[in-house]
Amino acid sequence: MKKKGGKKLSKAAEGALASSQWECYERARDNGHLDYVELAQRCDAYYRGDQWDHEDLSSLEAQGRPALTINTILPTVNTVLGEQSTRRADIQFKPRRGGSQEVANTLNKLFMQIADNNKLDWVEQQVFSDGLIMDGRGYFDVRMDFSDHIEGEIRITAKDPLDILIDPDAKEADPKTWNEVFESKWMTLDDIQELYGKNKADDLKFIAENGNSFGSDSVEYVETRFGDTEDDIYGTPISTDEEYRSVRTLRVIERQHKKMARVWCFIDPNTGDTREAPEAWNEAKNKKFAKQYGLSLMSKMKKKVRWTVTCDKVVLHDDWSPYNDFTIIPYFSYFRRGRPFGMVRNLLSPQEQLNKIASQELHIVNTTANSGWMVESGSLTGMSPDDLEEHGAETGLVVEYNRGTTPPMKIQPNQIPTGLDRIAQKAALNIKTISGINDSMLGSDSAEVSGVAIQAKQNRGAIMIQVPLDNLRKSRQYLAERVLNLVQVFYNEERVIQVTNESDPLKQREEITINEVTPEGEIINNLTLGEYDVIIATAPARDSFDEVQFAEALNLRNAGVAIPDDAIIEYSHLARKGELAKRIRTSAGIEMSEEQAQAAQAQQELAMQAEQLTLAKLQAEVQMLQSQAEHLSAKAQTAGVDPQLRAAELQAKVDLKEQEIQLRRELADLTNATRTSQQETQAASRIATTAMQTSAKRKTTTNQ
């Protein structure tokens, strides 16, 4: 039994759902997927150098003829892969309606942490190479993973293109326009039991062992007897004796498909923003929540993603997907009206032609070197015709023949056909022409070609391969939008992330708190609100970027611009360059060492204590002068002296003392401000070392 929409499926309903899913899978499989798998495997074999058909290879070996493989597809594809590796993704988020620049900056840093955590550069390289080689298709998979973090982390992986079946009715590359997508994989009964339970595994075992399955494409058997067996078109052994076979693997079909459903939505009357209510909430709870926060409530029909997993006639899982869209994100190197294709497909014919012509050339040369002999019967002395056949091509051979007989003569071989070498050159040229990869991009230009001409040809070749790179940019857009959606839906609690700030040598690690709740109830860095645009740009690889920056810094230094020494050191490739740059700043007085900072702090504290003592002494003198003034004023009145004149003199002294005290206070404040600034500078330089200690006291998602 399987729950569906709060109800339990009966056995009949479960069987009907599994049959319906199998029919949908067969439709997608038979509408081009099997042809794609065959062509993709052939393209992959050609890239690896396996470029001869096994029957042709066996026939050539039986005839003693060579079968050469001149793999020009490998360097051609690797050149495009190298171009991709030098153009890393630089993804930025810009605020739109309801968004703020501060939150956009936080999203930029959070995406950097997610990319580093998933080794996105390597995953993207795998997907890009799949798209180029395996007939134009590569796939990302983006979903939440709760294995390493209790609150979940975004996990990005690369899927095998042979396992993914896309909607046969789809006409666009954007997965939002698809109606369904399949992932098909073979699993053992133990794997199914681990993921879906023992009852499901037992049901599948009963179906498979009784031969009541959907066929050989649903269940794989292994023979348990000696001898060879005949295989069907899927490579599964055909056996009529069921007692001599056991279940090897079963096909598990994971289908994400869109289905209409009625949902409740909250509407902000001020901004018009719409948010879907949680699926588990009933109508009463939705109305109470809307009334409490001043929102409008509306019910409407909407396409939602249904997630159904079946294996043969058993439903393993069937429920609404926790995600708003499909987890599969495609990369199509070339895409034409719903028909993707890759770079290798159009290189198969010229590559096959080149191999055959090169092998034929070598065969002709071999037959020319040892074309055979014409010998008169009984004319040889000391050797037989068989000996001459065996040793006739050896260097320094001496042939003795009987006097009066016709001497042995070497058979004149056929001449190499005129133009055969030019055909081979044309085949190699066709590969370069079709792929757009010229000699300059391959680095095989002759020595007499000027550097300016090489650069111009490289730029022209980069234009020829711009289409697969532009399509990669499109996939990056889909990927960034999907990550943003998952962040706004699942990153709704307070958490601390760490990112590496490579632009600031004093702050190698930076901690950012998202969705932080203040004591006043406000939320800082609230990622769940607002809309943001995704800006896709390209940036050079880190090593190449540092090399360019290092060269430009030296050029500016030579031009008279005062580039600091520590900045030049930071852009270099020296080992322990951070420590060396810090020593340069310390020797220049820009940054103090730990001992110098402690000594300076001690001196500042002594100076502050002296200032406080001096201030206290002056205040005491003021009080004493005021007391003297009152005493002398009373005495002057008794003696008949003008008291106002004497009081004015004493008041002037008091005013001078108060002015001195005010100046002393201002000096002390200035000293405090200077010390605070120096302490902040020292603290900034020690953030990298204290980050690991403070992170142990919090919940963090660490940027590896």
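- Contact check on R306 versus D318 returns a salt bridge, with a Lys/Arg side-chain nitrogen under 4.0 Å from an Asp/Glu carboxylate oxygen.
- With no hydrogens or angles considered, no side-chain donor-acceptor pair links T188 and D190 at under 3.5 Å.
- Judged by distance alone, the side chain of E153 and the main-chain N or O of D148 form no donor-acceptor pair under 3.5 Å.
- Nearest heavy atoms, C311 versus L204: O-CD2, 3.0 Å.
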Please list, one pair per line, the donor and acceptor atoms closer than 3.5 Å that link side chains of residues 466-474 to other protein atoms, with sequence neighbours excluded.
residue : atom : partner : partner atom : Å
Q466    : OE1  : R87     : NH1          : 3.4
Q466    : NE2  : D470    : OD1          : 3.2
N471    : ND2  : F332    : O            : 3.2
N471    : ND2  : S333    : O            : 2.7
N471    : ND2  : V467    : O            : 3.4
R473    : NH2  : I536    : O            : 3.2

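- A side-chain N or O of Q256 and one of T327 form a donor-acceptor pair less than 3.5 Å apart.
- Of the possible donor and acceptor atoms, none in the side chain of N346 sits under 3.5 Å from a partner among the backbone N and O of S435.
- Of the N and O atoms on the side chains of E494 and T513, not one donor lies less than 3.5 Å from an acceptor on the other residue.
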task: For side chain to side chain contact (heavy atoms under 4.5 Å, CB included), just list the numbers for V309 and W307, CA-CA rounded to whole Å, side-chain angles, deciding distance to a tenth of an Å, and then say yes or no.
output: CA-CA 7 Å; V309 184; W307 203 317; 3.9 Å; yes

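- Annotation: the span from I535 atom CD1 to I91 atom CD1 amounts to 11.0 Å, rounded to 0.5 Å.
- Here the side chain of D116 pairs no donor or acceptor atom with the backbone of Q113 at under 3.5 angstrom.
- W178 contributes a side-chain N or O that, together with a main-chain N or O of E172, makes up a donor-acceptor pair within less than 3.5 Å.
- Within a 6.0 Å sphere centred on CZ of R339, heavy atoms belonging to other residues, nucleotides or ligands number 12 at most.
- Between the SG atom of C24 and the CD atom of E180 there is a distance of 5.5 Å, given to the nearest 0.5 Å.
- Residue pairs meeting the salt bridge (charged side-chain N to carboxylate O under 4.0 Å, His left out) criterion with at least one member in residues 525-539, sequence neighbours excluded, are R96-E531, R96-D533, R97-E531.
- Contact record, P168 with R27: CG-NH1, 3.3 Å, taken as the closest heavy-atom pair.
- Partner D44 forms a side chain to side chain donor-acceptor pair (under 3.5 Å) with one of Q41, R42, R48 and no other, that one being R48.
- Taking the ring axis of Y478 as reference, the NZ or CZ atom of K176 does not stay both within 45° of it and closer than 6.0 Å to the ring centre.
- In this structure, Q84 and F128 approach most closely via the heavy-atom pair CB-CE2, 3.5 Å.
- Y25 and F182 have perpendicular rings, their planes meeting at more than 60° on a 0 to 90° scale where under 30° would count as parallel.
- With rounding to the nearest 0.5 angstrom, the OH atom of Y491 is 14.5 Å from the CG atom of N525.
- The two residues T274 and C265 come nearest to each other via the heavy atoms CG2-CB, 3.6 Å.
- Of the possible donor and acceptor atoms, none in the side chain of N515 sits under 3.5 Å from a partner among the backbone N and O of R495.
- Note that CG of L165 and CD1 of I253 are 8.5 Å apart. Values are rounded to the nearest 0.5 Å.
- Residue E493 places its CD atom among more than 12 non-hydrogen atoms of other residues, nucleotides or ligands, all under 6.0 Å distant.
- Between the side chain of S20 and the backbone N or O of A16 there is no donor-acceptor pair closer than 3.5 Å.
- Side-chain polar atoms of N492 and T528 form no donor-acceptor pair below 3.5 angstrom.
- For N105 and Q101, the side-chain atoms include at least one donor-acceptor pair closer than 3.5 Å.
- The aromatic rings of F266 and F289 sit tilted relative to each other, their planes meeting at an angle between 30° and 60°.
- In terms of modelled atom types and a separation under 3.5 Å, the side chain of R251 and the main chain of D217 share a donor-acceptor contact.
- The shortest heavy-atom contact between Q351 and Y46 is CG-CD2, 3.9 Å.
- We find that E254 and K159 are not joined by a salt bridge, their nearest charged nitrogen and carboxylate oxygen being 4.0 Å or further apart.
- Of all heavy-atom pairs between I329 and L479, the closest is CD1-CA, 3.6 Å.
- At most 12 heavy atoms of other shown residues, nucleotides or ligands fall within 6.0 angstrom of atom OH in Y293.
- The backbone N or O of Y47 sits less than 3.5 Å from a side-chain atom of N71, completing a donor-acceptor pair.
- Side chain of S129 to backbone of Q126: a donor-acceptor contact under 3.5 angstrom is found.
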Verdict with supporting geometry, F111 and Q92, side chain to side chain contact (heavy atoms under 4.5 Å, CB included): CA-CA 9 Å; F111 187 88; Q92 301 290 327; over 6 Å; no

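- Contact annotation: the side chain of T79 never approaches that of I465 to less than 4.5 Å [non-hydrogen atoms, C-beta and beyond].
- With rounding to the nearest 0.5 Å, the separation of CD1 in I434 from CE in M464 is 10.5 Å.
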query: When you look at L162 and Y36, which way does the side chain to side chain contact (heavy atoms under 4.5 Å, CB included) test go after all the steps?
result: CA-CA 8 Å; L162 303 181; Y36 159 74; 4.1 Å; yes

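- Atom CG of L74 and atom CG of N78 lie 4.5 Å apart (nearest 0.5 Å).
- Formation of a donor-acceptor pair under 3.5 Å by the T177 side chain with backbone atoms of A173 is not found in this model.
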